[in-house]
Amino acid sequence: MENRNAILSLLTAYLNKQVSREEFDRLFSALTELEDEDFQTTILQALDNQADVTKSDFIPERVAQLYPELLAKVSATPQVAITPTGRSARRSVIGWKLSVAAATIFLFLAAGIYFWQDTDHHNRTSLISAEQIVPGSDRATLTLADGRTVDLSAAQKGIAVGNGIRYLDGTEVIALTADEGKQTANTRLLTLTTPKGGQYQLSLPDGTKVWLNAASSLVYPEAFGDDIREVKLEGEAYFEVTKAHNRSFVVNTEKQRVAVLGTSFNVSAYSNDEVTKTTLVTGSVRVNILAGGVTQGESRILAPNQQSVIGNQENSLAVNSIDPRTAIAWKDGLFNFHGLGIDEAMKQIERWYDIRVRYEGPKPTGYLGGKMSRGVRLSTFLDFLERDFGIRSELKADRTLVLYATNTARNADL
């Protein structure tokens, strides 16, 4: 199933012209590894008539050509009825619970048809405006210890810090001073910052890998000392920590201190969120509440598949069991809206599409569900909100998205 999901994500990105030829080849390599022949056939039949994938007009031509055939296949595929409380079942743009083949076809359509098919919507003006809002990309700024800033290449996915600073492909970003000694390098701090609509990867001096989400920053030294490896996070990041004998790795946020030896985990610590979350994927971590930079109160050790939640107002700490894939979906190019209220989901949308959200009238209640590629344009998500939740939208010239709720009492887990 993970392989299937990876293929669906690649296909979505490909249809949005965000996949390189190398990634396109990966898509077909992954297809050949699947034992599900029906699944292979569904996608291959959708693409097999195109010889030259480099043609700029290939995708719109191909989508227009395949639309009637694929729509017929979707309509003919049995589906599981979903009936939210108080409403009849309807299909969700994001969370249709169909067979794998039908889900594949629909993702193909959802990512492509809105961009090139001239359909009619009663709120057409808003959707056309939303079509102009493209998803985030690899963008970040590096601030050096002396205050200089470097706008990092959007053609690169990340940087590595060691003997100098290089992009992950080995290209030099900037040379760091090498003759000031290890002790000095341990005190010279660098800051990697992503804007709204940006993300970037980082390899730290010890080999630890970090994925930095949108509207986030990570402060770290040019080199780690012999006793402790310590960084400071604002926003969200996923860490794969390299084990080092008797050298713990510490992530500090405004509200917590997370200490590990070698593990993989996600920390979400946005200042405008109501809680700070730490989700453990492998290994173990100890979470302490911080107040004024000092640890206080109880600490908890997390096991894999557990998430700590610290209330940003009351400084309470709770631990819940969850599927960690929900928390780290963003790292793999997905939104995972399972169990999220509309307000929490819209904060993710704000950060990724670099917009502001305002509610006209009562704020919608209820819960979303399902997954969506982070490679689609804003209009796809807005169509889902209107179709399944009765939430109309209007995009202003200053990138403010106004939401109008016509139904504020619906709960659904699609």
Side-chain angles (χ1 to χ4, degrees), residues 13 18-26 135-245 247-252 260 262-267 328 330-333 374:
Q18 296 175 332
V19 171
S20 66
R21 180 55 192 258
E22 178 183 355
E23 291 171 312
F24 181 79
D25 290 340
R26 280 175 48 209
S137 58
D138 295 314
R139 293 190 291 132
T141 300
L142 179 66
T143 303
L144 305 177
D146 60 9
R148 288 180 295 159
T149 60
V150 179
D151 290 329
L152 298 173
S153 173
Q156 299 281 347
K157 290 188 175 297
I159 59 173
V161 179
N163 295 322
I165 301 176
R166 298 182 179 275
Y167 290 111
L168 295 182
D169 67 355
T171 305
E172 186 174 77
V173 178
I174 190 170
L176 296 179
T177 305
D179 58 358
E180 296 186 46
K182 186 175 182 180
Q183 183 66 34
T184 304
N186 186 38
T187 62
R188 294 201 302 266
L189 299 179
L190 307 173
T191 303
L192 182 66
T193 304
T194 56
K196 280 187 173 183
Q199 62 181 10
Y200 228 68
Q201 297 178 30
L202 170 66
S203 179
L204 292 170
D206 65 335
T208 291
K209 293 180 173 57
V210 184
W211 286 256
L212 199 61
N213 204 352
S216 303
S217 67
L218 188 76
V219 180
Y220 55 95
E222 289 182 13
F224 289 119
D226 295 327
D227 50 354
I228 193 172
R229 301 169 290 167
E230 195 162 5
V231 300
K232 182 178 180 180
L233 171 70
E234 293 183 13
E236 184 168 21
Y238 175 79
F239 296 85
E240 290 184 353
V241 178
T242 300
K243 290 184 178 180
H245 182 64
R247 293 173 67 211
S248 61
F249 188 95
V250 174
V251 179
N252 291 310
V260 305
T263 184
S264 55
F265 60 101
N266 191 83
V267 177
I328 67 173
W330 67 269
K331 182 184 81 71
D332 298 322
R374 295 202 338 161

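Values reported hereafter were calculated over all heavy atoms of this structure, with side chains retained and with hydrogens, waters and symmetry mates removed.
- Thr242 OG1 to Arg229 CZ: the interatomic distance, rounded to the nearest 0.5 Å, is 7.0 Å.
- Looking only at atom types and distance, the side chain of Asn266 has a donor-acceptor partner in the side chain of Glu236 under 3.5 Å away.
- A heavy-atom distance below 4.5 Å is not found between the side chains of Lys232 and Leu189.
- Just one residue in the list Thr208, Leu204, Val251 forms a side-chain contact (heavy atoms from CB on, under 4.5 Å) with Val241, and that residue is Thr208.
- From Leu192, atom CG reaches atom OH of Tyr200 across 8.5 Å, with rounding to the nearest 0.5 Å.
- Using a 4.5 Å cut-off on side-chain heavy atoms (C-beta onward), Gln199 and Asp138 make contact.
- The shortest heavy-atom contact between Arg139 and Gly197 is NH2-O, 3.1 Å.
- A pairwise comparison of heavy atoms in Arg374 and Pro135 identifies O-CB, 3.0 Å as the closest pair.
- Smallest separation of non-hydrogen atoms from Gly235 and Ser216: CA-OG, 3.5 Å.
- Crowding of Glu234 atom CD: a count of heavy atoms from other residues, nucleotides or ligands under 6.0 Å not exceeding 12.
- Within 6.0 Å of atom NZ in Lys209, 12 or fewer heavy atoms from other residues, nucleotides or ligands are found, so the atom counts as exposed in its surroundings.
- Interatomic distance, CG of Leu218 versus OG1 of Thr191, reported as 8.0 Å (0.5 Å rounding).
- Ala223 and Pro205 make their closest contact through CA-CG, 4.0 Å (heavy atoms, listed as atom of the first residue, atom of the second, distance).
- Taking OG of Ser217 as the start and CG of Leu212 as the end, the distance is 7.0 Å to the nearest 0.5 Å.
- Here the side chains of Leu144 and Leu190 are in contact, with some heavy-atom distance below 4.5 Å.
- For the pair Tyr238/Asn213, no side-chain contact is recorded, criterion being any heavy-atom separation below 4.5 Å from C-beta on.
- In this structure, the side chains of Val260 and Phe239 stay at 4.5 Å or more apart for every pair of heavy atoms.
- Using a 30° and 60° split on the angle between ring planes, Phe224 and Phe249 fall in the perpendicular class, above 60°.
- Atom CZ of residue Arg148 and atom OG1 of residue Thr143 lie 11.0 Å apart, to the nearest 0.5 angstrom.
- Across all non-hydrogen atoms, the minimal contact from Lys157 to Leu168 is C-CD1, 4.4 Å.
- Of the possible polar contacts, none joining the Tyr220 side chain to the Val161 backbone as a donor-acceptor pair under 3.5 Å is found.
- Between the CZ atom in Arg166 and the CD1 atom in Ile159 there is a gap of 12.5 Å [rounded to 0.5 Å].
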